[in-house]
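FYI, side chains are in, hydrogens and waters are out, and symmetry mates aren't considered; it's all heavy atoms of this structure. It should be emphasised that the depicted structure is a prediction, and the values quoted were computed from it without experimental measurement. Sequence lines set the chain letters: A, B, ... in the order given, protein chains first and strands last, and positions in each chain run from 1.
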2 protein chains.
Amino acid sequence: MASKYFDRKTLDFILEDVHTASSLSSLPYFEDHDAETFKMVLDSAEHIGDTIMFPNLSAVDKNQPELVDGEVKVHPSIKSYLNAIGEAGLLSADFSYEDGGSQLPLTVSSAVGFTLVSANNGMLYSGLTAGSARLIATFGSEELKKTYVEKMLSGKWQGTMCLTEPQAGSSLSDINATATREDDGTFKLTGQKIFISAGDHDCCDNVVHLVIARIKGAPSGSKGISLFVVPKILPNGELNDVTNVGIFHKLGQKGVPAMHLGFGDKSNNCVAYLIGQENKGLGYMFKMMNEARIGVGVTGAAIASAAYQASLEYAKERPQSRRLNEKSAVDSPQIPIIQHPDVRRMLFFQKAVVEGSMSLLTEVSKYYDLSHSLEDVNEKAKYHLLLELLTPIAKTYPCEAGVKSISDAVQVFGGYGFTEDFSVEQYYRDIRITPIYEGTTGIQSLDLLGRKVLMADGKAMFLLAEEITKTIKEASQTEKLQPYAGKLGDAVKRLSEVTQHLMKVAGTGDVELFLSDASLYMEVFSLVTISWQWLKVANAAEKGLKVAGINAEQKAFLESKTKTMQFFFHYELPKAEGFITRLMDSEVITVLRGEEKMVF
Amino acid sequence: MASKYFDRKTLDFILEDVHTASSLSSLPYFEDHDAETFKMVLDSAEHIGDTIMFPNLSAVDKNQPELVDGEVKVHPSIKSYLNAIGEAGLLSADFSYEDGGSQLPLTVSSAVGFTLVSANNGMLYSGLTAGSARLIATFGSEELKKTYVEKMLSGKWQGTMCLTEPQAGSSLSDINATATREDDGTFKLTGQKIFISAGDHDCCDNVVHLVIARIKGAPSGSKGISLFVVPKILPNGELNDVTNVGIFHKLGQKGVPAMHLGFGDKSNNCVAYLIGQENKGLGYMFKMMNEARIGVGVTGAAIASAAYQASLEYAKERPQSRRLNEKSAVDSPQIPIIQHPDVRRMLFFQKAVVEGSMSLLTEVSKYYDLSHSLEDVNEKAKYHLLLELLTPIAKTYPCEAGVKSISDAVQVFGGYGFTEDFSVEQYYRDIRITPIYEGTTGIQSLDLLGRKVLMADGKAMFLLAEEITKTIKEASQTEKLQPYAGKLGDAVKRLSEVTQHLMKVAGTGDVELFLSDASLYMEVFSLVTISWQWLKVANAAEKGLKVAGINAEQKAFLESKTKTMQFFFHYELPKAEGFITRLMDSEVITVLRGEEKMVF
């Protein structure tokens, strides 16, 4: 096992030097915070990572949850973890004072999440609790808030999100779970939900399910979906009618039970409490969606970080062969593989994915904070549009590129990477879910091209171009960065051309054709966005290099950022052109036409 | 589980319609064979796949080999499998009559391998036995041949290849295993070997290890390596001094034990028999390398085939959402996901990878047959050069693209793909070793650019261009294929340009710089090669479509081939340009320069 799972120095650099996180404390909502409080909370996360999470990485994977006599047994370290983050206030960190939180910016709590998840992504119970508690805190009645939020944020009560049903995965409008109104204002719920992460376990005192369902007689489709609180144990102490129908055994993230839950299966007596208004459930969920998706992006980046650190350490230590210009020296000792260009390429790629993703996630989290806490209405709206536009990318890129990045980590280990002797095989399994849950890459891509690019008459795209232009202008001031400023400008122009081309297709009214290659549009948009983030990182690095009296270590650290930016521009950004060629190509291949039904 | 793991109709089409396998029977060596004997042997493989292998897919994965009291216990179905292929003559099929085989072309035995491996790649014991038996048959003394070959080809004795040592993975010249000559002409062997597939198990009567080692006093480096036969049980019935030091638990291919073996650990009395001459061992291994590498390419394509079939079946059955142009129809039933363009793209990609790979592997296998069995010396040499040039690609593309292909299979299943309820999660794990073993992708890429492209003053490249030109010319005769003939011509020209550029770098004498992006050159070369294969497939399909009186099903089958060719040219081939941009780019990024030691 590697000695570390993330690079704190880089995380601090991204937060402060690149994205000036502490400037958020100029906003009244965050006025009690500063760089010092940010540091404290990150120290606390790192301590929990070091002492409870990372040491149990393999244990929670190897001892996966089991359903025994209807109860879910999980690894006991989960309890230590939940207690520790509850006590450290990490679960509630970005909640308001009113809801028992510390009003920490999401910018910082995303960094906390990155730290924790990179230490052990098989302990991912807490994000679900925070997300569901936030739904109750935001849309629930005072009664519901009082009953649930504090207990959940203490780490003692688990929260879950119950959306997916066997017949309705990506298509939430097709759910069948049904709620019937009772005389006392509560509801009786029936239905089946699957893939419910942390849907039950023995390391908490209660489980609070947030469930979407249709109230009898509600309109069909997404307009008839309501949101309910369904506790495992009712406020009166009795067991609610929620059954653990089954447990899914999975490729990865084995530490987290994925449950099939039955509501009302036993005695048709599953009590549910409506959150907010009838038929508004999907709207409430969507209002929380940006955070949830940023959270999954953080998960992808974090697992990739852990694999990168492991393969980096291995590459520095593992001797194999000689440098290609010294091949004849068979009697000289073998060299560490980090000296081979092919290995360096794989390490650069991982570094570029992990740090580029973290920079984007920090950027997007900051947009979230600004859009929630700025006072100026126009400024708020501006950051909200940027947040909306970039969230599908912040969810997708770290997960999709993370899968490839970890595959490279495995490759760096060679045959050992395929064995259980090292952690990379686990990371390779763990990360594969991230391009699927919380909206698959296909769904994110439809959202990006079909909704976000078009929204507000394309204003978000305009705002993004403005932001990128600022970065380009700054880079143009430094000779070393000028060529890259030029490359990014060209890339933005190409993205704009391909977008305009697709808008013409949209204009024909053939939505299916317009969106048929949305996933490839996502690839192009991601490459441009991450290039932008890397140029921003390089701007900060070059600025740091101009500071008088920096030491050799700091100099090397900053130079490595610019070098990795160069890698991304020379090795990754050129791939955009292949996708653009396809996107500009009018030959229809993947859209089903009547006569082609037998292709497969 | 899907009902099928490969598409026999397509396999037959590739063998006969695309590559005219039965034309090989015009060669004296294959004169007893024809399309009918090919069909019989494929039927036999499919029967074993259907009855013994595919039904045990999950069982051999879930009940992995364990080391108990020094002995390796494997799943009992392995014994049924080994007996069955032994009895059916599949292990010896492509051996000469003299060695007890049927003189079947490799072209057909590769198709047999594809069938078997796609049914269950966790039963991959047999390829190792065939490969090691072939080494003994080709280079061993009459005594060794008599003692081992027949027993091995019956399926009762297991063969292994013992190359890797803990300190010498990709760098075979750094092995330490040592052989000391005894008075009776045998040797005493000492040393450690790791990752020895099927290195021991309880479903065979003996294990025959082929081991590379240095004879005491041999020259250092690759020129001092000899090859030995080391049986687990000696001809006199006594146990040899070979110890099962440990068993590696792995990410995938769990059915096959990967052993750490110790030679001479117990009593310094491990008896070894030299094969051929001293210090020629690596040369013997290399002579078998093309076949072994084609075999791994077949493995990659076969696992990807099984995953493709599973996801195709799922996509046809799984209802989800509505077509994008009919989104408002929320009350209409959900449609099978195979109708969504994004899913179709992922299915097309898998089909293109699996069938394109199989076509390349058939091509290369046929080069092998021609280079071995033609009488004309010049023709033999021609096919040998083509075989040498394309083997690293035939090993790498099916494995690397297969990893991505299976990732798409998982994605088609959505959340279910991540669960153990379906086979794709297993395939996703299983295939990940294939870009590593039998020479990593990095090693194959160095071989391609650093040796094969340069060999015989670039003659192989010239011969390949000739072959591709024939395909282009044929395609130019069919209106529908003309645009693709043009695209392939352009792609070949670009490959030639990038090759010339790299040759200039080579001319500077900086080998490390010249080869630093060899893996990206492999990507470009692969895309061009597979495009060529797909155009060849389309030529055969369009030819078939001109036959009078074909039925609707046959018509749809043939049209699907041309359609998939179009997919490859419109979606995959354009990606080459991104890699070419990098390869033509003179900015040095990944080569270690003195001052950059602290990048990572």
Side-chain angles (χ1 to χ4, degrees), chain A residues 169-171 173-174 195 220-221 248-251 312 320-321 323-325 330-331 334 338-339 341-342 344-345 347-348 403 407 410 414-415 418-420 425 432-433 436 440 442 511-512 515-516 519 556 560 563 566-567 570-571 574-575 577-578 581-582 585 587 589-592 598-600, chain B residues 169-171 173-174 195 220-221 248-251 312 320-321 323-325 330-331 334 338-339 341-342 344-345 347-348 403 407 410 414-415 418-420 425 432-433 436 440 442 511-512 515-516 519 556 560 563 566-567 570-571 574-575 577-578 581-582 585 587 589-592 598-600:
Chain A
S170 293
S171 182
S173 58
D174 289 298
F195 302 149
S220 60
F248 289 95
H249 285 170
K250 312 190 299 294
L251 174 62
L312 176 58
Q320 194 78 129
S321 199
R323 291 191 63 175
L324 282 168
N325 287 341
V330 289
D331 293 321
Q334 300 192 80
I338 197 170
Q339 296 189 26
D342 198 52
R344 296 174 75 75
R345 185 180 51 77
L347 293 173
F348 265 122
V403 168
S407 188
V410 171
F418 196 66
T419 71
E420 294 181 2
E425 69 86 23
R432 187 59 190 82
I433 188 60
I436 295 173
T440 64
V511 184
E512 188 167 312
L515 295 173
S516 59
S519 297
S560 83
K563 190 82 187 173
Q566 291 173 322
F567 173 84
H570 285 281
Y571 282 77
K575 293 179 180 169
E577 213 45 54
T581 301
R582 169 55 211 161
D585 175 348
E587 183 88 22
I589 303 280
T590 55
V591 175
L592 175 64
M598 292 172 82
V599 170
F600 298 107
Chain B
S170 293
S171 183
S173 57
D174 288 298
F195 303 149
S220 61
F248 289 94
H249 285 172
K250 313 189 299 295
L251 174 62
L312 177 58
Q320 193 78 129
S321 198
R323 290 189 66 173
L324 283 169
N325 287 341
V330 288
D331 294 321
Q334 299 192 79
I338 197 170
Q339 295 189 26
D342 198 51
R344 296 175 75 76
R345 184 180 51 77
L347 292 172
F348 264 123
V403 168
S407 188
V410 171
F418 195 67
T419 71
E420 294 181 2
E425 70 86 22
R432 187 60 190 82
I433 188 61
I436 296 173
T440 64
V511 184
E512 187 168 312
L515 294 173
S516 60
S519 297
S560 82
K563 190 82 188 171
Q566 291 173 322
F567 174 85
H570 286 282
Y571 282 77
K575 292 179 181 170
E577 213 44 54
T581 301
R582 169 56 212 161
D585 175 349
E587 182 87 23
I589 303 279
T590 55
V591 176
L592 175 64
M598 292 172 81
V599 171
F600 299 106

Qualifying residue for side chain to side chain contact (heavy atoms under 4.5 Å, CB included) with B:Val591, from A:Gln339, A:Arg344, A:Arg323: A:Arg323

How far apart are the C-alpha atoms of B:Glu577 and A:Thr581, what are their side-chain angles, what is the distance that settles it, and do they pass the side-chain contact (heavy atoms from CB on, under 4.5 Å) test? CA-CA 10 Å; B:Glu577 213 44 54; A:Thr581 301; 6.0 Å; no

When heavy-atom pairs shorter than 4.5 Å are enumerated against chain B, which of A:Gly414, A:Ser516, A:Ser407 gives the highest number? A:Ser407

Proximal component of A:Ile433, with respect to chain B [non-hydrogen, under 4.5 Å]: both

Chain B: which of A:Leu251, A:Val511, A:Ile338, A:Asp585 shares the most heavy-atom pairs with it under 4.5 Å? A:Leu251

Just give me the residue among A:Gly442, A:Ser519, A:Ser173 that pairs up with chain B most often, heavy atom to heavy atom, under 4.5 Å. A:Ser519

Interatomic spacing from CD1 in A:Ile589 to NZ in B:Lys563 - rounded to 0.5 Å: 5.0 Å

Minimal non-hydrogen separation, B:Gln320 against A:Ser171, with atom names: OE1-N, 3.8 Å

For B:Phe195, is it the side chain, the backbone, both or neither that has a heavy atom under 4.5 Å from a heavy atom of chain A? side chain

Using non-hydrogen atoms and a 4.5 Å limit, figure out which bit of A:Phe248 sits close to chain B: side chain, backbone, both or neither. side chain

At what distance, to the nearest 0.5 angstrom, does CD of B:Glu512 lie from CG of A:Asp342? 11.0 Å

Should B:Val410 and A:Ile436 count as side-chain neighbours, where that means a heavy-atom distance under 4.5 Å? yes

Between A:Lys575 and B:Lys575, is there a side-chain heavy-atom distance shorter than 4.5 Å? no

In Å and rounded to the nearest 0.5 Å, what is the CG to CZ distance from A:Leu347 to B:Phe600? 5.0 Å

Select, from A:Glu587, A:Gln566, A:Arg432, A:Lys250, the one with the greatest count of heavy-atom pairs under 4.5 Å involving chain B. A:Arg432

